[in-house]
Amino acid sequence: SPLSPGWLPTLQLIRRGSKAVTRHWKAMHFQRQKLMAVTEYLAPRPAVPPCCLPRETETCQEEDGYVRLLRRQVEEAFRDNRMIAVCQYNSMPSEDMVMVKHYLRKHNIEVKFFLNEIVRPVLSQSKYKNLLPLFVGRNVVLVSRETKAKEMLRVLKGVPQINLLG
């Protein structure tokens, strides 16, 4: 039988002696604590509080070519089209957005996405100044050479993610 009194397992795990673990936390000696406290770095206080200093003025940077290109596109869109509709754009699946663009393009209505930082300076110098309050959040601009408001409203009625603002 395998459990006879003279039987020993072939592998025996016997722990002999103690393990040398040196990773235990040990408090710092009190003289070293004093030395660390005395030599701790204290940053000097500013002579004038920051709230009393004048605000930094933004340096005039020359705008890059991409910003000029985007501004030119916005100017062309507002100059060449008779119907301009500003809509609030809430996130929607890209497939749905492709379908909306397709339905609007059937009626020669284009969907344009412009950054507010680009549109606001252009509008402030044009005859469309009254549209400035609409460009706050995420917007989409629907433009067409002819006024096709009826077709645009019919398409937008089926898309709750795009709300007509003005």
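Since this is a predicted model, take the numbers as computed values, not measurements.
- In this structure, CZ in Phe78 is found 7.0 Å from CZ in Phe114, a value given to the nearest 0.5 Å.
- More than 12 heavy-atom neighbours from other residues, nucleotides or ligands sit within 6.0 angstrom of CZ on Phe113.
- Expressed to the nearest 0.5 Å, how far NZ of Lys148 lies from CG of Asn108 amounts to 5.0 Å.
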One pair to check against side-chain contact (heavy atoms from CB on, under 4.5 Å): Gln73 and Leu70. What are the steps and the verdict? CA-CA 5 Å; Gln73 287 178 352; Leu70 291 176; 3.8 Å; yes
Let me see the working for Val119 and Tyr128 under side-chain contact (heavy atoms from CB on, under 4.5 Å), right down to the final yes or no. CA-CA 11 Å; Val119 174; Tyr128 297 105; over 6 Å; no
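- Paired with Leu142 under the rule side chain to side chain contact (heavy atoms under 4.5 Å, CB included), one option of Ile84, Val86, Leu104 passes, and it is Leu104.
- When side chains are defined from C-beta on, Glu110 does not count as touching Asn81, because their heavy atoms never get closer than 4.5 Å.
- No continuous path of hydrophobic side-chain contacts links Leu156 to Leu165 [ILVMFWY only; heavy atoms under 4.5 Å].
- Atom CE of Met28 sits in a crowded spot, with more than 12 heavy atoms from other residues, nucleotides or ligands closer than 6.0 Å.
- Between the side chain of Asn116 and the main chain of Gly137, a donor-acceptor pair closer than 3.5 Å is present.
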Using side-chain contact (heavy atoms from CB on, under 4.5 Å), reason through Met97 and Ile162 one step at a time and then give a plain yes or no. CA-CA 10 Å; Met97 192 62 201; Ile162 298 178; 4.3 Å; yes
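- Each of Val136 and Val140 belongs to its own hydrophobic cluster when Ile, Leu, Val, Met, Phe, Trp and Tyr are linked at side-chain heavy-atom distances under 4.5 angstrom.
- A side-chain donor-acceptor contact under 3.5 Å links His29 to the backbone of Gln31.
- In the hydrophobic clustering of this structure, Val111 does not group with Val143; members are Ile, Leu, Val, Met, Phe, Trp, Tyr whose side-chain heavy atoms approach within less than 4.5 Å, directly or through other members.
- Within the structure, no pair that satisfies the ring pair (Phe, Tyr, Trp, His ring centres under 6.0 Å) test touches residues 140-166, not counting sequence neighbours.
- Between atom OG of residue Ser91 and atom CG of residue Asp96 there is a gap of 11.0 Å, rounded to the nearest 0.5 Å.
- One distance of note links CD of Glu117 with CZ of Arg71; it measures 10.5 Å at 0.5 Å rounding.
- In this structure, Leu35 and Thr39 approach most closely via the heavy-atom pair O-OG1, 2.8 Å.
- Under the 4.5 Å side-chain heavy-atom criterion for grouping Ile, Leu, Val, Met, Phe, Trp and Tyr, Leu123 is connected to Leu115 within one hydrophobic cluster.
- Formation of a donor-acceptor pair under 3.5 Å by the Arg82 side chain with backbone atoms of Ser144 is not found in this model.
- Rounding to the nearest 0.5 Å gives a distance of 5.0 Å between CE of Met83 and CE of Met152.
- In this structure, CZ on Arg72 lies 8.5 Å from CD on Glu75, to the nearest 0.5 angstrom.
- Of the possible donor and acceptor atoms, one in the side chain of Asn139 sits under 3.5 Å from a partner among the backbone N and O of Leu134.
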The test is side-chain contact (heavy atoms from CB on, under 4.5 Å); show your working for Val155 and Lys106 and say whether it passes. CA-CA 11 Å; Val155 172; Lys106 278 184 180 177; over 6 Å; no
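- Distance alone, capped at 3.5 Å, places no donor-acceptor pair between the Arg138 side chain and the Asn90 backbone.
- For Tyr103, the OH atom sits in a loose shell: 12 or fewer heavy atoms of surrounding residues, nucleotides or ligands are nearer than 6.0 Å.
- A continuous path of hydrophobic side-chain contacts links Leu153 to Tyr89 [ILVMFWY only; heavy atoms under 4.5 Å].
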